[in-house]
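What follows is a short report on a single structure.
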Amino acid sequence: MQAATEPPAFGPVKIRPGDPRYEGLLRGNNFRHVGRPDEIRVVGSTDQVVRAVTEAVRAGRRVAVRSGGHCFENFTTDPAVRVLLDLSSMDEIGYDAGKRAFAVQPGATLGQVYRTLYKGWGVTIPGGGCPAVGAGGHFVGGGYGTLSRRYGSVVDHLYGVEVVVVDRDGTARAVIATREPDDPHRDLWWAHTGGGGGNFGVVTRYWLRSPDATGDPSRLLPPSPQRMLECVLAWPWAGMTEQVFTTLMRNFGVWHEHNSAPGSPSAGLFGLFLAQHRNAGYFSVVAQIDADLPGADGVVTDFVTAVTAGTSAQRIVDLRRTLPWLHKTTWPGTGEPGDGATRRYKIKAGYLRRSLTDRQLAVVHRNLTNATGGAEASLLLVGYGGQVNATSPDATAVAQRDAVMKAVYQTVWADEADDAAHISWLRTFYRDVYADTGGVPVPDDVSDGSYINYPDTDLADPAWNTSGVPAHTLYYKDNYPRLQQVKARWDPRGVFRHALSVEPPGR
Ligand SMILES: Cc1cc2nc3c(=O)[nH]c(=O)nc-3n(C[C@H](O)[C@H](O)[C@H](O)COP(=O)(O)OP(=O)(O)OC[C@H]3O[C@@H](n4cnc5c(N)ncnc54)[C@H](O)[C@@H]3O)c2cc1C
């Protein structure tokens with residue numbers, strides 16, 4: 001009989017076409033992508049992952065791994081994928097005294113991670129704002145959110161990973177890799193600090209501990225805020241002029257240029273410009289800050305003054321309120337695009353080192369006020385920089401370490417029949433913004449490539465990227481050759497791949 005302290009065993013569960021559960025497990029968050037694998041294997045342990053990968057490799061079946069299912073592109077639903085590993089049931093979170101670090105399994109959602117770390121130890125990680133995103137794909141791609149300007153990226157706190165890799169002879173095995181300088185597997189850890197999911201193996205566990213952190217567990221990760229002060233401003237599109245709109249957006253960008261150095265007194269403020277299409281009726285600016293930071297209210301007031309300078313447009317929303325941080329961060333549905341029952345979306349992105357230029361601001365205004373954009377089409381400017389920029393570009397695989405914002409271009413819709421129209425609107429908008437650099441955010445004094453957790457296969461399509469700069473340079477910049485070396489060492493058979501995956505050297 002099993003000892004009472006042992007967790008109940010789960011899986012593996014093998015779900016094949018014809019099984020009543022099959023159809024329900026084919027999609028992730030974006031209903032535009034639906035796979036048809038021969039098998040969905042829901043796994044409950046590292047050993048089960050090793051066995052599943054071994055069997056897939058022996059049978060010559062392409063394998064993909066899904067944790068939280070929030071991938072923007074079809075990396076886990078590609079028709080070539082024959083075995084889909086579903087890691088969502090591997091969701092334990094706890095303190096590992098042996099490693100002096102918090103262990104997080106990949107199926108844990110960010111909401112679970114925030115709740116458990118808060119309740120157990122009063123600590124947190126600077127991860128994403130959508131509580132349903134999975135740790136599995138999120139951490140390995142970098143991970144950032146409302147606390148990143150204060151605490152950096154998630155991977156700046158990544159101590160180690162357990163990864164199921166496949167040797168040249170086809171043997172699958174679990175390997176532990178840490179950031180310890182003398183760890184012979186350190187390169188594998190490094191690749192998981194921003195290299196992106198689905199490239200090197202299957203992550204079965206992450207360990208988190210801030211660099212140089214000492215003491216008891218409650219001091220090994222950043223302290224969790226208790227209360228967030230939130231400020232929301234919204235303007236109606238009716239009567240809005242191009243001059244006022246572009247002034248607001250430029251002001252938002254310039255504020256970030258001036259307030260995004262590591263340790264800046266305003267680095268605690270996270271700002272978001274939600275420029276929704278005119279068909280939505282309004283657009284907004286949101287600021288959040290730990291309410292218990294000294295002078296928090298004044299930082300918000302200065303931000304609002306700076307963003308609205310030179311404009312007198314009437315606001316339809318102008319509120320300030322304080323909410324419990326845990327409530328704010330883990331509210332179900334937060335950050336999810338569109339209607340949960342039908343959502344289809346396409347998202348494109350780019351890092352910004354400074355405000356969009358005047359030409360780009362005019363393009364943004366034109367595209368957000370044309371007749372073809374949907375009510376759920378938008379450009380989000382997301383505040384970044386601060387503590388993120390305290391880390392050097394090669395210390396982790398996240399190469400962009402002097403950006404101050406991310407630009408996220410998105411459109412969300414419900415019906416498959418509308419796919420082409422929505423995707424075409426978004427592609428045209430994006431190409432026009434980056435018209436001076438081949439339709440993509442080539443690193444220069446304004447842009448700095450893009451973020452692999454916001455993957456966009458158009459960046460690898462010569463029809464939409466005419467810059468001559470390959471997608472991997474846009475995502476990884478000078479870190480790409482090192483990622484290729486890791487790929488050659490740890491995935492010599494090329495078992496783990498997708499439309500934007502890291503290729504071995506020479507390709
Ligand atoms: C609504 C929404 C909000 C978001 N908000 C933010 C945000 O605030 N900040 C931010 O940084 N990002 C954000 N993202 C992007 C998010 O970080 C990525 O989509 C992330 O890759 C999702 O991970 P997942 O496990 O949920 O997705 P999945 O679809 O399961 O996986 C994504 C990719 O990672 C691979 N992968 C998954 N699990 C593993 C594993 N265990 N081992 C190896 N590879 C794996 C998959 O094969 C796939 O290629 C958001 C995405 C969405 C859809």
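Just so you know, these numbers come straight off a predicted model, no measurement behind them. Side-chain atoms are counted along with the backbone in the values below, which use heavy atoms only and exclude waters and symmetry mates. In listed order, ligands and their atoms are each counted from 1.
- Counting non-hydrogen atoms of other residues, nucleotides and ligands closer than 6.0 Å to OH of Tyr282 gives a total of 12 or fewer.
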side-chain contact (heavy atoms from CB on, under 4.5 Å), that's the test. Do Leu221 and Ile125 meet it? Break it down for me.
CA-CA 7 Å; Leu221 282 174; Ile125 51 167; 4.1 Å; yes
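- The aromatic rings of Tyr351 and Tyr384 sit tilted, their planes meeting at an angle between 30° and 60°.
- Residues forming a salt bridge (Lys or Arg N to Asp or Glu O under 4.0 Å) with Asp419 (at least two apart in sequence, or on another chain): Arg344.
- Protein residues with any heavy atom under 4.0 Å from ligand 1: Asn29, Val65, Arg66, Ser67, Gly68, Gly69, His70, Cys71, Phe72, Phe75, Thr76, Leu87, Pro106, Gly128, Gly129, Cys130, Val133, Gly134, Gly136, Gly137, His138, Gly143, Tyr144, Gly197, Gly198, Gly201, Val202, Val203, Gly335, Glu336, Pro337, Tyr345, Tyr451, Asn453, Tyr454.
- With sequence neighbours left out, Lys406 forms a salt bridge (Lys or Arg N to Asp or Glu O under 4.0 Å) with no residue at all.
- For Val81, the side-chain contact (heavy atoms from CB on, under 4.5 Å) criterion is met by Arg62, Ala64, Asp78, not counting sequence neighbours.
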